[in-house]
Amino acid sequence: MAVAGTAVAVVVAGPAVASAAPLTGSAGSSELGDGIIDFGSSVVNFGSSVIDFGSSILGSSPGGGGIVPQTQQCNESTRSGGAGVTETIHQIGRTGPTAFVLEHETLNIPDLIEVFYEGARVHSTGFIGDNLNEGTGSVLVTIPAGAATSVVVRVTGPADTAWDYTVHCPGS
């Protein structure tokens, strides 16, 4: 369905979240399909990953998108998802209030590690990792009262990054 001669404005409220997954489509091409705005193409498509109000590109976060984060049990190591944003759900086996140890290694390129519980950020490392300490460390993450038995860990890193971390089970 092509729309010609009609102006369409798209306003998105909330934080934008990048995805570590590659995008597909022709958003970077100069081909506009059948009209100025073609709701069936990848130029402006309300069901694709270019502009998609349910995707992880312009969705609510954490985990509020079309790309479902991987789920892991606590005590399992999580390895680098590379440049961009990588989100992983970790089953911690109990509801809040509780606490767990987050062990991390961000090597020599600074990365940001954030922990979310029931949609709220409960911990941020800030950008850590350099040639001196390589971002090696651990921190006790305190979880407030709540009903969820999982947390979301989001790692944000630049090009050429490598990292790993482990969410240890509470009480271990």
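Side-chain contact between Val115 and Tyr165 is absent, with no heavy atoms from C-beta onward closer than 4.5 Å. Thr78 is not listed as a side-chain neighbour of Gln70, based on a closest heavy-atom distance of 4.5 Å or more. For the pair Thr166 and Ser77, the minimum side-chain heavy-atom distance is below 4.5 Å.
Residue Pro110 comes nearest to Gly129 through the heavy atom pair CG-O, 3.0 Å, listed as atom of the first residue, atom of the second, then distance. Across all their heavy atoms, Ser80 and Ala162 have their closest contact at OG-CA, 3.7 Å. Here the closest non-hydrogen pair linking His168 and Cys74 is C-CB, 4.0 Å. Smallest separation of non-hydrogen atoms from Ala83 and Pro158: CB-O, 3.3 Å.
Residues Ile89 and Trp163 do not share a hydrophobic cluster, clusters being chains of Ile/Leu/Val/Met/Phe/Trp/Tyr side chains in contact below 4.5 Å. The hydrophobic clustering, which links ILVMFWY residues whose side-chain heavy atoms are closer than 4.5 Å, places Val167 and Val122 together. One hydrophobic cluster, built from ILVMFWY side chains closer than 4.5 Å, holds both Ile143 and Leu102.
Partner of Tyr117 under the side-chain contact (heavy atoms from CB on, under 4.5 Å) criterion, chosen from Val141, Thr142, Val152, Val151: Val151.
In this structure, Phe127 belongs to a hydrophobic cluster whose other members, linked by side-chain heavy atoms under 4.5 Å apart, are Leu112. Taking Ile, Leu, Val, Met, Phe, Trp and Tyr as hydrophobic and joining them when side-chain heavy atoms fall under 4.5 Å apart, one finds Leu140 in a cluster with Val101.
Rounded to the nearest 0.5 angstrom, Cys169 SG and Glu76 CD are separated by 9.0 Å. In this structure, CD1 on Ile109 lies 5.5 Å from OG1 on Thr161, to the nearest 0.5 angstrom. Considering CD1 of Ile92 and OG of Ser150, their distance stands at 7.5 Å, rounded to 0.5 Å. Here the straight-line distance linking atom CD of Glu87 with atom CZ of Phe116 works out to 7.0 Å at 0.5 Å rounding. Atom OG1 of residue Thr88 and atom NE2 of residue His90 lie 4.5 Å apart, to the nearest 0.5 angstrom.
The salt bridge (charged side-chain N to carboxylate O under 4.0 Å, His left out) contacts involving residues 88-105 comprise nothing, where partners must be two or more places apart or lie in separate chains. The salt bridge (charged side-chain N to carboxylate O under 4.0 Å, His left out) analysis of residues 122-140, with sequence neighbours excluded, yields no pairs. Legend: salt bridge (charged side-chain N to carboxylate O under 4.0 Å, His left out) pairs involving residues 106-119, not counting sequence neighbours, sorted by first then second residue: Glu114-Arg121, Glu114-Arg154. Applying the salt bridge (charged side-chain N to carboxylate O under 4.0 Å, His left out) definition to pairs two or more places apart or across chains, those involving residues 156-168 are Arg79-Asp164.
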